[in-house]
Amino acid sequence: MAKLNLNRVRMPRQDPKVRARNFNEVALGYSLEQAQEEASRCIQCKKRSCVAGCPVGVDIPEFIRAVRDGDMAEAVRILKSKNSLPGICGRVCPQETQCEANCALARKDAPIAIGRLERFVADWERANLNTENPVAIPTMPAGKRVAVVGSGPAGLTAAAELARLGHQVTLFEALHTAGGVLTYGIPEFRLPKAIVQGEVDYVTSLGVELKLNAVVGKVITVDELLADGYQAVFLGTGAGLPTFMNIPGENLNGIYSANEFLSRVNLMKAYLFPEYDTPVKVGKRVAVLGGGNVAMDSARCALRLGAEKVYIIYRRSEVEMPARREEVENAKEEGIEFRILTNPKRFIGDGQNSVVAMECYEMELGEPDDSGRRRPVVKEGSEFTVDVDVVVVAIGTTPNPLISSTTEGLSTARWGTLVMADESRGQTVKPAVWAGGDVVTGSATVISAMGAGKAAAADIDAHLKD
Amino acid sequence: MYRIVFRQDLVPNIHLLKIDAPDVARKARPGQFVVIRIDEKGERIPLTIADWDEAEGTVTIVYMEVGTTTCRLALLQAGDYIKDFIGPLGVPTHIEKFGTVVCVAGGFAIATTMPIARAMRQTGNRVISIMGARSKELIFWENELRGVSDELVITTDDGSYGRKGLVTESLKELLESGGVDRVIAIGPSIMMKYCALTTEPFGVKTIVSLNPIMVDGTGMCGCCRVQVGGLTKFVCVDGPDFDGHEVDWDLLFARQRSYLDEEKESLEKWRAGGSCHCQA
């Protein structure tokens with residue numbers, strides 16, 4: 001047996017000092033040579049445990065072998081047969097806890113860089129294949145009309161799968177651009193919007209009709225969709241409702257929900273103001289509350305907008321941070337300052353209703369809580385003040401009640417997530433209505449939402465064929 | 001893309017657009033709003049719905065030139081297109097037979113008030129409308145509002161038309177003569193605040209339609225948050241109508257001023273581009 005190669009090919013990235021001031025993509029992607037070198041490290045083991053770690057079951061060893069052999073068209077075919085959105089997954093999936101964690105080489109701390117290879121294949125397709133003429137989809141006379149609500153990762157995947165299965169799919173999006181959190185939430189420097197648009201174009205090329213500005217639950221209800229002749233409805237509406245701290249001073253000017261801050265920057269392109277009309281406050285001293293990927297994205301956006309100082313304020317310690325390791329490292333390299341075991345007590349205004357400071361507590365870790373992480377406890381008398389002029393609250397989101405509150409027969413659990421009859425198949429408690437992604441699980445990952453969209457699509461298809 | 005089918009200049013800086021938007025027209029109710037975006041680089045702004053025609057599939061909006069978006073909107077003519085037109089959003093105005101309803105309308109909100117007065121009257125209320133403007137040349141839709149009201153009072157600040165004075169003075173007189181069961185006040189925030197202050201001693205429930213800055217208009221961002229009765233509310237999904245006696249007006253004013261500097265910068269840049277026709 002050939003000697004194991006434990007040298008993961010590094011991902012070329014923009015220099016931290018340079019990238020901290022621009023919105024261009026941080027990771028630059030492999031060259032063909034780098035991709036082939038990395039692919040050739042794969043030992044093509046029989047266990048294929050990487051595949052088990054993938055929520056959509058990509059045939060990972062096979063596509064990697066095709067890359068190794070330089071058969072890129074074949075790699076594209078293998079990848080896309082299981083994953084409709086590889087350009088997105090290759091960039092934002094937490095491979096380190098999924099496929100790569102299961103890699104035979106992970107024990108040697110050198111798992112195959114599956115995510116980077118996936119990204120390479122997707123980018124190669126974009127650059128080299130004519131996406132104007134996609135795979136021909138056979139039209140099936142038995143196809144049924146299905147409404148997919150929400151064009152984020154769950155909805156895009158469900159729509160693509162259903163279209164491939166021969167159904168007539170209409171994809172409803174509330175905003176003026178498709179992509180959901182991929183468009184309004186994840187910043188350009190981590191997921192270029194051209195990539196998202198490319199994946200959306202792929203889905204519409206399969207025959208999916210995209211309806212923008214369609215606020216389901218308001219402009220049209222789920223029951224109206226069913227009455228209008230849609231035989232099934234899939235809700236992939238995500239977790240779009242911001243959570244606030246509910247502490248004094250939170251409505252001062254300069255305090256944003258992460259949803260607002262990121263929507264202004266990403267969806268409305270406030271980083272290009274005044275060329276684009278939507279402004280955003282460019283703080284000198286910005287505090288981002290929270291320790292997840294959304295917090296990292298917000299902090300790194302604030303820095304790129306021109307902030308002098310950006311803090312991550314997190315009430316637990318760094319090991320408990322839900323953000324991807326890579327994003328934490330990226331943020332640190334760029335100069336974001338981490339204030340862990342810190343929690344705000346109140347916001348202080350300047351008398352003109354603008355935030356100027358934040359009073360915080362020091363925290364310590366107590367006994368484990370429901371999440372299994374040690375519960376942060378306030379250190380009494382530890383209050384101190386941090387001067388800030390912009391605050392971004394990134395402590396999580398819950399599903400928007402627009403649909404659940406206007407649909408007969410749906411019910412919601414404690415955090416607004418939908419109650420499911422069979423979560424593994426995406427069945428809600430309402431007949432003919434399926435759901436998947438964050439609206440079911442609460443804030444989770446792009447790939448888990450895609451996995452749910454795919455499972456629900458298969459179940460919808462099985463039901464419609466009956 | 002949404003086509004402008006009709007345009008009318010109501011007064012020098014207030015314009016009416018009728019938009020081809022059948023989905024919005026089908027669902028529109030009094031007091032709701034739309035979010036519009038003119039083009040790819042435009043911002044999303046909320047505008048209240050002035051009227052709609054389900055059969056024709058059109059929605060009418062009336063707006064005043066105040067910022068970049070509304071000034072750019074003022075340049076569009078019939079046949080032109082608006083990129084995005086989203087709605088109807090927000091909770092419709094609560095319409096019920098209250099008895100006597102006074103509708104107070106200030107400035108460009110005269111248009112927003114019309115369908116509410118109409119619905120109130122159709123439900124069997126006696127509707128007294130008060131419309132106010134700075135001076136005669138800013139008065140529009142007098143006949144439209146008169147047609148849906150049992151009585152119409154017109155006030156101008158300078159006395160150039162109707163009664164001289166503020167809408168609050170006429171409102172106070174009506175309250176003093178008794179028999180007012182509900183007040184709807186829609187107009188500039190400062191006018192709504194003073195209407196609420198006027199009615200408070202009389203204990204007459206007063207509904208106001210708040211107009212904060214919004215982005216998505218669907219409850220996603222929280223930009224439009226206000227404090228009502230001590231609780232934080234999102235105007236886009238919880239409103240825009242609220243009990244005027246419970247609104248924290250100073251917070252609303254302050255949040256409306258969040259982007260004054262940026263709004264000025266944006267407008268100056270656009271004017272420097274040379275396509276503006278509004279008075280600086």
Side-chain angles (χ1 to χ4, degrees), chain A residues 174-177 181 184-185 211-221 224 237-244 246 250-264 267-270 272-282 349 351-354 393 397 399-402 405, chain B residues 2 21 23-24 26-27 32 34-45 67-69 72 83-91 213-227 232 234 237 248 250-259 261-263 265-270:
Chain A
L175 292 172
H176 57 254
T177 310
V181 73
Y184 75 75
K211 282 199 172 185
L212 298 172
N213 298 332
V215 188
V216 175
K218 200 80 210 170
V219 180
I220 188 162
T221 65
E224 286 168 337
T237 44
L241 199 70
T243 306
F244 285 95
N246 289 315
E250 203 162 20
N251 292 333
L252 290 169
N253 292 347
I255 302 180
Y256 292 98
S257 71
N259 269 0
E260 182 186 352
F261 187 73
L262 292 174
S263 292
R264 284 181 179 272
L267 175 70
M268 306 308 300
K269 306 219 180 300
L272 299 173
F273 177 86
E275 186 198 342
Y276 281 71
D277 289 343
T278 305
V280 68
K281 286 284 170 203
V282 179
Q352 309 284 314
N353 203 61
S354 289
V393 184
T397 53
N400 191 318
L402 269 188
S405 64
Chain B
Y2 299 81
D23 289 349
V24 185
R26 196 174 311 133
K27 274 291 175 82
Q32 289 190 296
V34 291
V35 164
I36 69 146
R37 190 176 71 130
I38 296 179
D39 59 23
E40 205 49 52
K41 294 183 177 178
E43 62 181 336
R44 292 169 67 105
I45 64 158
T68 306
T69 303
R72 286 177 57 199
K83 186 112 174 59
D84 301 295
F85 192 80
I86 305 127
L89 300 171
V91 181
I213 301 170
M214 290 186 189
V215 183
D216 64 288
T218 63
M220 201 183 95
C221 81
C223 173
C224 65
R225 58 197 195 272
V226 290
Q227 220 154 300
T232 294
F234 289 5
V237 287
D248 181 338
D250 292 338
L251 180 70
L252 175 72
F253 299 151
R255 290 190 63 82
Q256 284 173 329
R257 289 193 300 263
S258 295
Y259 293 99
D261 293 344
E262 290 83 357
E263 284 162 9
E265 182 188 351
S266 171
L267 199 54
E268 277 168 3
K269 176 189 168 270
W270 181 72

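Residue numbering restarts at 1 for every chain, and letters A, B, ... go by the order of the sequence lines.
Only the side chain of A:Val215 comes within contact range of chain B, judged by heavy atoms closer than 4.5 Å. Of the two parts of B:Phe253, neither the backbone nor the side chain holds a non-hydrogen atom closer than 4.5 Å to a non-hydrogen atom of chain A. For B:Leu89, the parts lying near chain A are the backbone and the side chain together; criterion is any non-hydrogen pair under 4.5 Å. Using a 4.5 Å cut-off between heavy atoms, B:Arg255 contacts chain A through both its backbone and its side chain. Residue A:Phe261: no heavy atom, backbone or side chain, is found under 4.5 Å from chain B. Contacts between A:Leu272 and chain B at a heavy-atom distance below 4.5 Å are absent for every atom of the residue. With a 4.5 angstrom heavy-atom cutoff, B:Arg26 does not touch chain A via any of its atoms.
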Step-by-step side-chain hydrogen bond (donor to acceptor under 3.5 Å, both in side chains) determination, B:Thr232 to A:Asn251: CA-CA 8 Å; B:Thr232 294; A:Asn251 292 333; 3.0 Å; yes

Derivation of the side-chain contact (heavy atoms from CB on, under 4.5 Å) call for B:Lys41 and A:Lys269: CA-CA 8 Å; B:Lys41 294 183 177 178; A:Lys269 306 219 180 300; over 6 Å; no

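Considering all non-hydrogen atoms of both residues, A:Ile220 and B:Lys27 come closest at CA-NZ, 3.9 Å. What you find for B:Ser266 and A:Asp277 is that their closest heavy atoms are OG-OD1, 4.2 Å. Scanning all heavy atoms of the two residues, the minimum distance from B:Gly222 to A:Pro242 falls at N-CG, 4.4 Å.
Once rounded to the nearest 0.5 Å, the distance linking CG of A:Asn213 with NZ of B:Lys83 reads 8.5 Å. Atom CD of B:Glu43 is separated from atom CE of A:Met268 by 7.5 Å, given to the nearest 0.5 angstrom. For the atom pair OG1 (A:Thr278) and CZ (B:Arg37), the distance works out to 8.5 Å, reported to the nearest 0.5 Å. In this structure, SG in B:Cys223 is found 12.0 Å from CG in A:Asn259, a value given to the nearest 0.5 Å. Between B:Ile213 atom CD1 and A:Glu260 atom CD the span is 8.5 Å, to the nearest 0.5 Å. The distance from the CD1 atom of B:Ile86 to the CG atom of A:Leu175 is 7.5 Å, given to the nearest 0.5 Å.
B:Met220 places none of its side-chain heavy atoms less than 4.5 Å from the side chain of A:Leu267. Within the 4.5 Å cutoff, the side chain of A:Leu212 has no heavy atoms near those of the B:Asp84 side chain.
In this structure, A:Lys218 contributes its side chain and B:Val237 its backbone to no donor-acceptor pair below 3.5 Å.
Salt-bridge annotation for B:Lys269 and A:Glu275: absent, with no side-chain N of the basic residue lying under 4.0 Å from a carboxylate O of the acidic one.
Between chain B and the options A:Leu252, A:Asn353, A:Asn253, the largest number of non-hydrogen pairs under 4.5 Å is found for A:Asn253.
Taking the six-membered ring where tryptophan is involved, the planes of A:Tyr256 and B:Tyr259 are tilted, since the angle between them lies from 30° to 60°.
The closest side-chain donor-acceptor pair between B:Thr218 and A:Asn400, if any, does not fall under 3.5 angstrom.
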